[in-house]
Amino acid sequence: MIQDETIHLKWMREALDFASISLREGEVPVGCVIVYCNRLVSYGYNQTNVTRNGTTHAEFEAIQLITDTFDSLLKTPSSKPSHAENLAEDDSQNYDLETRSFLDTLTQGNKPLQNPRLPPPSLPKILFQYINTARQQTSMNITPHILQPFYSKCTLYVTCEPCIMCAAALSLIGIGSVVYGCKNDRFGGNGSILSLHNAELSPVYPVYQTISGIMAEEAIAIFRQFYSRGNPHAPVPARPLVPIEKGSHIYYHPLDPVEQ
């Protein structure tokens, strides 16, 4: 599941683009993408301020987009996605062009992403395959549990180490691997505080591989932009911030370290 650095850099750049959207919208700038067999299937960025919901971290938003698309396909079984059966590697050039156009539409404008968010072009096609297989194997109601084999082939790319909440959720869905940028020294669930990807701490749920430090400096730079101009959602009067760097870690005092 863990691939070479060229692939990591490609997808982390996309995650950073979504972190930039977060920054533009006044959110703590964390972004992510989920990749299935080197195909983009989901994306997300922090929306805790706009939604006033502490669970709408980038990772949860990406998972929710997959769940929403899955539910939509279940409700409309007759609307088979076009070319659902054709995801062969020889179509990779068309896929790359289609995905690049989709991402450019999302990340290069100055307007917030639309709600409900559009899934990447590959997602309905891939999910339909899993749904169709499940329908052939059982007459019972199909639930998102059938997607665990799907998630096991997925890699999450996220600009900051997932917090404990998100790291636990990634284990529950059975994510294949996680690649992140900078560490999350106060709330990190993939090594900094807890290691929820580790079999010793998560004996019941699936474990997953992690890689850290991919484009960590770029992720920290986006955080620095956010805090240098002040958090618009911080209590008034806002307190001055002094960034303190230590290796690939960054702290802001007198405020707490970076928190998703």
For a 4.5 angstrom cut-off between non-hydrogen side-chain atoms, does [X] reach [Y]?
X: Tyr157; Y: Ile214; result: no
X: Thr48; Y: Val28; result: no
X: Ile34; Y: Ile66; result: yes
X: Gln129; Y: Phe150; result: no
X: Leu23; Y: Phe223; result: no
X: Trp11; Y: Val179; result: no
X: Gln47; Y: Ile21; result: no
X: Leu40; Y: Glu14; result: no

Next item on the list: Determine the interplanar angle of the Phe18 and Tyr45 rings, folded into 0 to 90°, and report it as parallel if under 30°, tilted if 30 to 60°, perpendicular if over 60°.
Entry: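 Correct class here is parallel.
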
Find the distance between [atom1] ([X]) and [atom2] ([Y]) and round it off to the nearest 0.5 Å.
X: Arg39; Y: Glu98; atom1: CZ; atom2: CD; value: 9.0 Å
X: Ile146; Y: Thr133; atom1: CD1; atom2: OG1; value: 8.0 Å
X: Ile126; Y: Leu73; atom1: CD1; atom2: CG; value: 11.5 Å
X: Lys183; Y: Asn190; atom1: NZ; atom2: CG; value: 9.0 Å
X: Leu118; Y: Leu123; atom1: CG; atom2: CG; value: 11.5 Å
X: Ser42; Y: Ile63; atom1: OG; atom2: CD1; value: 8.5 Å

Determine the minimum heavy-atom distance between [X] and [Y], stating which atoms define it.
X: Ile175; Y: Val178; answer: CG2-CG2, 4.2 Å
X: Leu65; Y: Tyr43; answer: CD2-CE2, 3.5 Å
X: Asn46; Y: His57; answer: OD1-CA, 3.2 Å
X: Asn184; Y: Glu161; answer: N-OE1, 3.0 Å
X: Ala62; Y: Cys32; answer: CB-SG, 3.7 Å
X: Thr159; Y: Ala219; answer: O-CB, 3.3 Å

Answer yes if [X] and [Y] sit in the same cluster of Ile, Leu, Val, Met, Phe, Trp and Tyr residues linked by side chain heavy atoms under 4.5 Å apart, and no otherwise.
X: Leu172; Y: Phe60; value: no
X: Met165; Y: Ile193; value: no
X: Val35; Y: Ile211; value: yes
X: Tyr130; Y: Tyr151; value: yes

Given 3.5 Å as the limit, does a donor-acceptor pair link the side chain of [X] with the main chain of [Y], or not?
X: Asp71; Y: Leu74; result: no
X: Ser152; Y: Pro149; result: yes
X: Thr105; Y: Ser101; result: yes

Notebook entry, point to check: Using 4.0 Å as the upper bound for N to carboxylate O, is an ion pair formed by Arg13 and Asp17?
Noted result: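 Answer for the salt bridge query: no.
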
Note to self: Using the rule given for side chain to side chain contact (heavy atoms under 4.5 Å, CB included), can you reason through Glu61 versus Arg117, listing the C-alpha separation, both sets of side-chain angles and the distance that settles it, and then say yes or no?
What the structure shows: CA-CA 10 Å; Glu61 289 297 289; Arg117 293 176 298 142; 3.9 Å; yes

Margin query: For Asn38 and Lys10: C-alpha separation, side-chain torsions, deciding distance, then whether side chain to side chain contact (heavy atoms under 4.5 Å, CB included) applies.
Written below: CA-CA 10 Å; Asn38 206 32; Lys10 169 187 174 181; 4.3 Å; yes

Check: side chain to side chain contact (heavy atoms under 4.5 Å, CB included) between Cys160 and Tyr180: does it pass, once the steps are laid out?
Finding: CA-CA 6 Å; Cys160 182; Tyr180 66 85; over 6 Å; no

